[in-house]
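Here's the structure, in structure tokens; my notes come after.
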Amino acid sequence: MKNVVILGSTGSIGANAIKAVRNLGKGWRVLGLAANSNLKALRAQVREVKPAYLAIFDYAAWKEFSAAVPRGVKLLAPGVEGMAELASLKEADIVLSAVTGAVGFGPLLAAIRASKHIALANKEPMVMAGELLMKEAARWQARIIPVDSEPSAIFQCLAGIKPGQYDAEVSRVFLTASGGPFYAVKGPLAKVTPAQALRHPRWSMGPKITVDSSTLMNKGLEAIEIKNLFSLPVSKIEVVIHPQSVVHSGVEFRDGSVLAQMSPPDMRLPIQYALTWPDRARSLAEPLDLFKLSRLDFARPDFRRFPCLELAFEAAKRGGISPAALNAANEVAVERFIAGRLRFIDIPAVVEKVLAACRGDSRERLTLAGAVEADSWARQKAAETADRLRGKK
Ligand code: NDP
Ligand code: MG
């Protein structure tokens, strides 16, 4: 029996992960679920999958739920503590982390130190301190299998190569991006509203990653995640705009041969693969019909129009606490943009200011605690910057 814990179960990836476990059928079980505050969705999931453990992050929601915990369910502590406990349960074989943002850092570390098979959608911790988390995973013999479609594609293309050999064998990584809702749109982006940014042309995802896709910060975060997951220099990562989202990324080897992974844009495939790896199983995703594809387009990204991409590469090159600061500043800016408190074009402005302010510290050696500290510092700095920009509006 494979016991699966799903962190962020009420989200877009989390809900699909529950379906994936159900699709895998006999021998697979959802052992525990975690969410933030959406009790309606969580209660429905509890009725459906009957988990043995639950974690609820938000204190008010946790308190409300704790008044009537269904029989057979153990409610763990609120906040990060309960999620970390869930991620390191003895009975858990696989931990799928699909919470949004840096809040997943502690639970991910707990899963690593409990030597779990980790299916990782939550990219933000890998941006903050991925290199150290990978070292920690090696030390504890935990496996991190990416869920995100592009890192999953690269992971699949690298099958058969020893992890220590990736840099020697790979000359380039083609990291594909749909381009988001504004790529083909001409004209200034100053008046972009949250509703427009939340309408993604290809993927249906949670609000934070959807906005990140519209600024192309998502691709920048993925570039840092990929650099860390596969120990590759960021200079080998080339972002390619590919509006059809059929080629999910590819790898060029030193002999010039390119392997790419293709499928229709459907997260159910990489979610399931991260669960079943190293095996494959029949998935709920539609198969690819090559005869229906009239064409595949590839283009260079416009770094000037989408400065977030440039900023992420800059943070990756600088290293140290810069990626953690970039990620935190972006989380704060995106949250404010969604709430109507910051303009679309001020998202990169906030990130740039925060990055500029952490310049001196970037060359210092990063530690796990340092990354978490940098996250708090950058949030504060980003909030101040965003307040100032709003004042000027
Ligand atoms: P959603 O916004 O749809 O879901 C987020 C989930 O995380 C919800 O279950 C939410 O709970 C939970 N959550 C949010 N904040 C907290 C918190 N503080 N404590 C505990 N749980 C919390 O996001 P997505 O599913 O779209 O994305 C999740 C992660 O996967 C992100 O890191 C994203 O970058 C990554 N990813 C997503 C893809 C996609 O297709 N959606 C593709 C590739 C990567 P509640 O509902 O209670 O708020
Ligand atoms: Mg992706």
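Residue numbers run from 1 in the order of the sequence given. For ligands, and for the atoms within them, numbers begin at 1 and follow the listed sequence.
With 3.5 Å as the limit, one finds no donor-acceptor pair spanning the side chains of N327 and K123.
Under the 30°/60° scheme for interplanar angles, the aromatic rings of F313 and F303 are found to stand perpendicular.
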TODO: May I have the step-by-step check of side chain to side chain donor-acceptor pair (under 3.5 Å) for N330 and D212, ending in yes or no?
DONE: CA-CA 9 Å; N330 180 58; D212 283 349; 3.0 Å; yes
Open item on the list: Would R336 and D387 count as a salt bridge (charged side-chain N to carboxylate O under 4.0 Å, His left out) here? Give the steps.
Closed with: CA-CA 10 Å; R336 288 189 177 217; D387 284 344; 2.7 Å; yes
- [ ] Step by step, work out the salt bridge (charged side-chain N to carboxylate O under 4.0 Å, His left out) result for E314 and K317.
- [x] CA-CA 5 Å; E314 171 68 21; K317 276 181 217 143; 5.2 Å; no
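Distances from the Mg ion (ligand 2) under 2.8 Å pick out these protein N/O/S atoms: D148 OD1, E150 OE1, E222 OE2.
Annotation: side chain to side chain donor-acceptor pair (under 3.5 Å) contacts involving residues 3-13, sequence neighbours excluded, comprise N3-R29, S9-Q45.
For the pair R343 and F337, the NZ or CZ position fails the cation-pi test of under 6.0 Å to the six-membered ring centre and within 45 degrees of the ring normal.
Here F65 pairs with nothing under the ring pair (Phe, Tyr, Trp, His ring centres under 6.0 Å) rule; sequence neighbours left out.
A distance limit of 4.0 angstrom between heavy atoms and ligand 1 selects the residues G8, S9, T10, G11, S12, I13, A35, N36, S37, N38, F57, M83, A98, V99, T100, V103, A121, N122, K123, E124, D148, M205, G206, P207, I209, M267.
Both L342 and F306 are members of a single hydrophobic cluster when ILVMFWY side chains are connected at heavy-atom separations under 4.5 Å.
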